[in-house]
S.K.: 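Here's a structure for you.
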Amino acid sequence: MFLKLALHSLLHRRLAAMLTVASIMISTFVVLGVEHIRQETRNSFSKTVSGTDLIVGARTSQVNLLLYSIFRIGNASANISWNSYQEIAAMPGIAWSIPLSLGDSHRGFRVLGTTADYFVHFRYGNNQSLALLEGRVFNENPDGYLAILGAEAAERLGYSTGQTFTLSHGLGDVSFTQHHDHPFTVAGILAPTGTPVDQTIHVSLASLKAVHHGGPAPDSITALLIGLESRPDAFAIQRDINNYRPEALLAIMPGVALMELWQMMSIVEQVLALIAALVLLAAMLGMTTMLLSTLQQRGREIAVLRTLGASPLFLFALIQTEALLMTLAGMVLGIATLTAAIMLGNDWISSEYGLFVTARVVGGHTLPYLISGVMLTLMLACIPATLTYRSSVALRLES
Amino acid sequence: MTAAIHINKLIYSPDARRQAKQGLQDSCALLQIAEWDVAPAERVFLYGPSGSGKTSLLNLICGITTADSGEILINGTNISAQGARARDRLRMHTMGVIFQQFNLLPYLSVADNIRLGHFFSSQTHSRQTHSRQVETAIEQLTDRLKLPRSCLHQKAGSLSVGQQQRVAIARVLIKSPALIIADEPTSALDEDTRREFINTLIDCADLHNSTLLFVSHEHSLGIHFDRVVALDSINHVS
């Protein structure tokens, strides 16, 4: 009966109540959206690379090198010469190295030139290695013009093993320079990883080189992933590479570079979080205002309930319940909209930014926001509820 | 036999506290009743012009306000000496109040409005508001009050004022109160509806053996009642 009373009282004022619920819905959407995407970005970034001790590229900033080599965001400003690569790969203490060559694309998907070592040594997530869904990976060169597709690239392009296609120079869907004379054949498709690997088309370095210049040996690569025999050597080897004479190179530890990235982003994150919190506060204040403005018309209802025997505490609880109902309705709708929005926008986000955002919006990371939203509701609703309480204590029958 | 209402040496001056604060003495009382009784199951018509203190007296009897001095005994309990919570409880269990108008919550159905009367009076605040017993009682009441059963599921706000007032009676009667207080309940009704309303109210009070205190400024309504009392005749404000 109590809930029915609260519910019908709200329905009676449905326009004001609906607008309030809508504002809470929007603020929930913003607050959870910001927090969820922040969390998912971090997860997604930190699981993209695993087991790689050093990343080497032409001298640039740590973050830039990390972004273009691993996340395929942005472009390299300069390359590493083939000689430098050979020398560094041969340095003592280095267990394996994977050369990466970027710059070509096929219908919007980036093409990565690498060696067979990539499929052996590259790790993502919790030290998982790449697995094949079908077909095979290319062997040591020369093995013809073969391509291994990431799961999403294969799905979106609709390619299966045996399909042939040509690469275009540069990035972007449409390119003027097509490498028509050297069609590639899909040799294998990788299992989904939830990392940018899914959107990458892998070809051998040798074939990529052949497409461009026709020579057998490549003359430069974009970046180099390195695994060490012993991790404590990382600092020494990093210093050696940074001091490499013939060419200006930069070696970074992925974890350290990620930390720097988070630090750079933290100000933006904090500003976003602050804006989100203020939006929530504004919605809550709006609800309080709405409840306060209805108190005027409630005078009669309060008198009726009081003479029926409702205690002032009952009326206090009634207002609180109405506030709570509106907040919960707004939050549920906000969560539903956010989930729907993420599900719809997922493909775009992952192909555009290489970020994989799950639709599991409610979790340990967003729960504190939901709980504090409810607490804030109960606190702010104390204002109209207390006024109701007081006016019901001071009630007189009036004719 | 205990009187349904017994008033003894009552003094009530609503402005007293304010005036005392301002340092004024000799505040003028609004009500000063030496002694007045209403017997159980009596039908009493109390009349007086507007501003004569009728509503204040009802506020005191209901325990919504308390007297400055003197006693108001409801079935032997001095309501004026009780704490706020005890007064609420006494009112909820022994009294039913019908106002001039707006007795109902317009957004609840008629049936729910009547259930509300039961909800607050039942000791446990139990959820037994949909029990067979309550349903039967509601149907009997609507029949007796000549309300069509179809209106039970309508919103109370959609009924005519006359029908709303009859629903208000039903809501009071569902808890079979010892004392029914009606504060100008007919002032919004036309002549015919008014007579019918009063007859229904008295019949229902008879059936439940309730005391009825009916307050109005219209002297002419007095013919329907056992006893007619002018407030001026018992109120001795100097």
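Letters A, B, ... are given to chains in the order of the sequence lines, protein chains preceding strands, and every chain is numbered from 1.
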S.K.: Heavy-atom count check: over 12 atoms from other residues, nucleotides or ligands less than 6.0 Å from Asn126(A) CG?
M.R.: no
S.K.: Side-chain contact test, heavy atoms from C-beta onward, threshold under 4.5 Å: evaluate it for Leu305(A) versus Phe120(B) and give yes or no.
M.R.: yes
S.K.: Which atom names give the shortest non-hydrogen contact between Phe314(A) and Phe119(B), and what distance separates them?
M.R.: CE1-CE2, 3.8 Å
S.K.: With under 30° as parallel and over 60° as perpendicular, where do the rings of His12(A) and Tyr107(B) fit, or are they tilted in between?
M.R.: tilted
S.K.: Tell me whether the count of non-hydrogen atoms from other residues, nucleotides or ligands lying under 6.0 Å of CG in Leu367(A) goes above 12.
M.R.: yes
S.K.: Which heavy atom of Arg306(A) sits nearest a heavy atom of Asp88(B), and at what distance?
M.R.: NH1-OD2, 2.9 Å
S.K.: Identify the two heavy atoms, one from Asn103(B) and one from Val304(A), that lie closest to each other, and give their separation to 0.1 Å.
M.R.: O-CG1, 3.1 Å
S.K.: Could you give the distance from CE (Met92(B)) to OG1 (Thr307(A)), rounded to the nearest 0.5 Å?
M.R.: 11.5 Å
S.K.: Inspect the surroundings of CD in Glu155(A) and state if more than 12 heavy atoms from other residues, nucleotides or ligands are less than 6.0 Å away.
M.R.: no
S.K.: Taking the side chain as every heavy atom from C-beta outward, state whether Ser9(A) and Leu105(B) have any atom pair closer than 4.5 Å.
M.R.: no
S.K.: Sort out for me which of Arg85(B), Lys155(B), Arg171(B), Met95(B) touches chain A most, counting heavy-atom pairs under 4.5 Å.
M.R.: Arg171(B)
S.K.: Measuring heavy-atom distances to chain B, does Leu5(A) have an atom under 4.5 Å in its side chain, in its backbone, in both, or in neither?
M.R.: both
S.K.: Suppose we screen for side chain to side chain contact (heavy atoms under 4.5 Å, CB included). Which residues come up paired with Ala191(A), at least two apart in sequence or across chains?
M.R.: Ala131(A), Leu133(A)
S.K.: Is Lys54(B) close to chain A through its backbone or its side chain, or both, or neither, when contacts mean heavy atoms under 4.5 Å?
M.R.: neither
